[in-house]
Q: 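Here it is, the structure in full.
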Amino acid sequence: MSADDPDVVAEVEAVFARYETALIENDLATLGELFWEDERTIRFGIQENLYGAEAIAAFRATRPSIGLNRRLAQTAITTFGRDVATVSTLFYRDDAPGQCGRQMQTWLRTEAGWRIVAAHVSLIADPRQAG
């Protein structure tokens, strides 16, 4: 198995950029499309543990749709073979000073394209501001 094939990394970069745009714009259709439509899909969020694509979609439909802008930092994409990848990133929001968001996703190439099969989002105190 090869890691970080440049063509596969480029594919995942593109689909992750599409995910990020959909997240910021609260594009529920695209967000729903990019998660694997399966009961085994998991998303652990800031205050929620979601099991299954239906639970994830229901959460997305009820979360606030304003103030979603954020800045990404240290995004790392690692691919394993041609069909599995992880994307890890830090994010910062102007409305959450002193906080550092962390996001990790596992992506799988399916017949329908790249899909998120597992995601984890958390917040910590911004380590850049530690004294």
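As the structure is a computational prediction, the values presented were derived from the model and not from experiment.
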Q: Same cluster or not: are Tyr51 and Leu108 linked, directly or through other Ile, Leu, Val, Met, Phe, Trp or Tyr residues, by side-chain heavy atoms under 4.5 angstrom apart?
A: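 Different hydrophobic clusters.
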
Q: What is the minimum heavy-atom distance between Arg93 and Asn69, and which atoms define it?
A: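 The pair with the smallest heavy-atom distance is NH1-O, 3.3 Å.
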
Q: For Gln129 versus Gly98, what's the shortest heavy-atom pair and its separation?
A: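 Between these two residues, the closest heavy atoms are OE1-CA, 3.4 Å.
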
Q: To the nearest 0.5 Å, what is the distance between CG (Leu31) and CG (Asn26)?
A: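 Reported value, rounded in 0.5 Å steps: 7.0 Å.
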
Q: Are Arg18 and Glu33 within salt-bridge range, i.e. N to O under 4.0 Å?
A: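 Salt bridge flag = yes for Glu33 with Arg18.
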
Q: Do you know the tightest heavy-atom contact between Thr86 and Thr106?
A: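 That would be CG2-OG1, 4.3 Å.
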
Q: Kindly work out whether a path of hydrophobic side-chain contacts (I/L/V/M/F/W/Y, heavy atoms less than 4.5 Å apart) joins Ile24 to Ile66.
A: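 Different hydrophobic clusters.
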
Q: To the closest 0.5 Å, what do you measure between OG1 (Thr79) and CG (Asp5)?
A: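 The CG atom of Asp5 is 6.0 Å from OG1 of Thr79, to the nearest 0.5 Å.
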
Q: Hey, what do you get for OG1 (Thr30) to CG (Leu23), rounding to the nearest 0.5 Å?
A: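 That separation rounds to 11.5 Å.
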
Q: Quick check: closest heavy atoms across Trp36 and Ala53, and the distance to 0.1 Å?
A: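 In terms of heavy atoms, the two residues are closest at O-CB, 3.5 Å.
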
Q: Which atoms form the tightest heavy-atom contact between Asp95 and Pro97, and what is the distance?
A: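 Residues Asp95 and Pro97, closest heavy atoms: C-CD, 3.4 Å.
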
Q: Using the rule that two of Ile, Leu, Val, Met, Phe, Trp, Tyr join whenever any of their side-chain heavy atoms come within less than 4.5 Å, decide whether Leu72 and Ile124 are in one cluster.
A: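 Each belongs to a different hydrophobic cluster.
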
Q: Rounded to the nearest 0.5 Å, what separates atom CD in Glu20 from atom CD in Gln103?
A: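 Going from CD on Glu20 over to CD on Gln103, the span is 6.5 Å.
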
Q: Output the distance between atom CZ (Arg82) and atom CE (Met1), rounded to the nearest 0.5 Å.
A: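 Arg82 atom CZ to Met1 atom CE measures 13.5 Å (nearest 0.5 Å).
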
Q: List the atom pairs, donor and acceptor, that lie under 3.5 Å between side-chain atoms in residues 6-15 and the rest of the protein, sequence neighbours left out.
A:
from	atom 1	to	atom 2	distance (Å)
Glu11	OE1	Arg109	NH1	2.8
Glu11	OE1	Arg109	NH2	2.9
Glu11	OE1	Trp114	NE1	3.0

Q: Got a sec: does the CD of Glu39 have more than 12 other heavy atoms crowding it under 6.0 Å?
A: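 No, CD of Glu39 has 12 or fewer neighbouring heavy atoms, counting only those of other groups under 6.0 Å.
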
Q: So which residues get pulled into Leu90's cluster when ILVMFWY side chains under 4.5 Å apart are joined, directly or through others?
A: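 Besides Leu90, the cluster holds Tyr92.
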
Q: In terms of hydrophobic clustering (I, L, V, M, F, W, Y; side-chain heavy atoms under 4.5 Å; direct or indirect links), are Phe44 and Ile56 co-clustered?
A: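 Phe44 and Ile56: separate clusters.
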
Q: If we ignore hydrogens and angles and just use 3.5 Å, is the side chain of Arg71 paired with the main-chain N or O of Phe91 as donor and acceptor?
A: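 Checking the backbone N and O of Phe91 against the side chain of Arg71, no donor-acceptor pair under 3.5 Å is found.
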
Q: Work out which heavy atom in Thr89 is nearest to a heavy atom in Ala73; give both atom names and the distance.
A: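 Closest approach of Thr89 to Ala73: OG1-O, 3.3 Å.
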
Q: To the nearest 0.5 Å, what is the distance between CZ (Arg115) and CH2 (Trp107)?
A: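 Nearest 0.5 Å value for the CZ-CH2 distance: 8.0 Å.
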
Q: Can you tell me if CD on Glu48 sees more than 12 non-hydrogen neighbours from other groups inside 6.0 Å?
A: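 More than 12 heavy atoms, drawn from other residues, nucleotides or ligands, come within 6.0 Å of this atom.
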
Q: Just so I know, are the side chains of Arg43 and Arg60 near enough to count as touching, which here means a heavy-atom distance under 4.5 Å?
A: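 Yes. Closest side-chain heavy atoms under 4.5 Å.
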
Q: Does the side chain of Phe16 reach to within under 4.5 Å of the side chain of Thr75, using non-hydrogen atoms?
A: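 Phe16 vs Thr75: side chains touch.
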
Q: Hey, quick one: are Leu34 and Phe59 part of the same hydrophobic cluster, counting side-chain heavy atoms closer than 4.5 Å, chains of contacts allowed?
A: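 Shared cluster, yes.
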
Q: Can you tell me if CG on Asp94 sees more than 12 non-hydrogen neighbours from other groups inside 6.0 Å?
A: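 12 or below, so no.
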
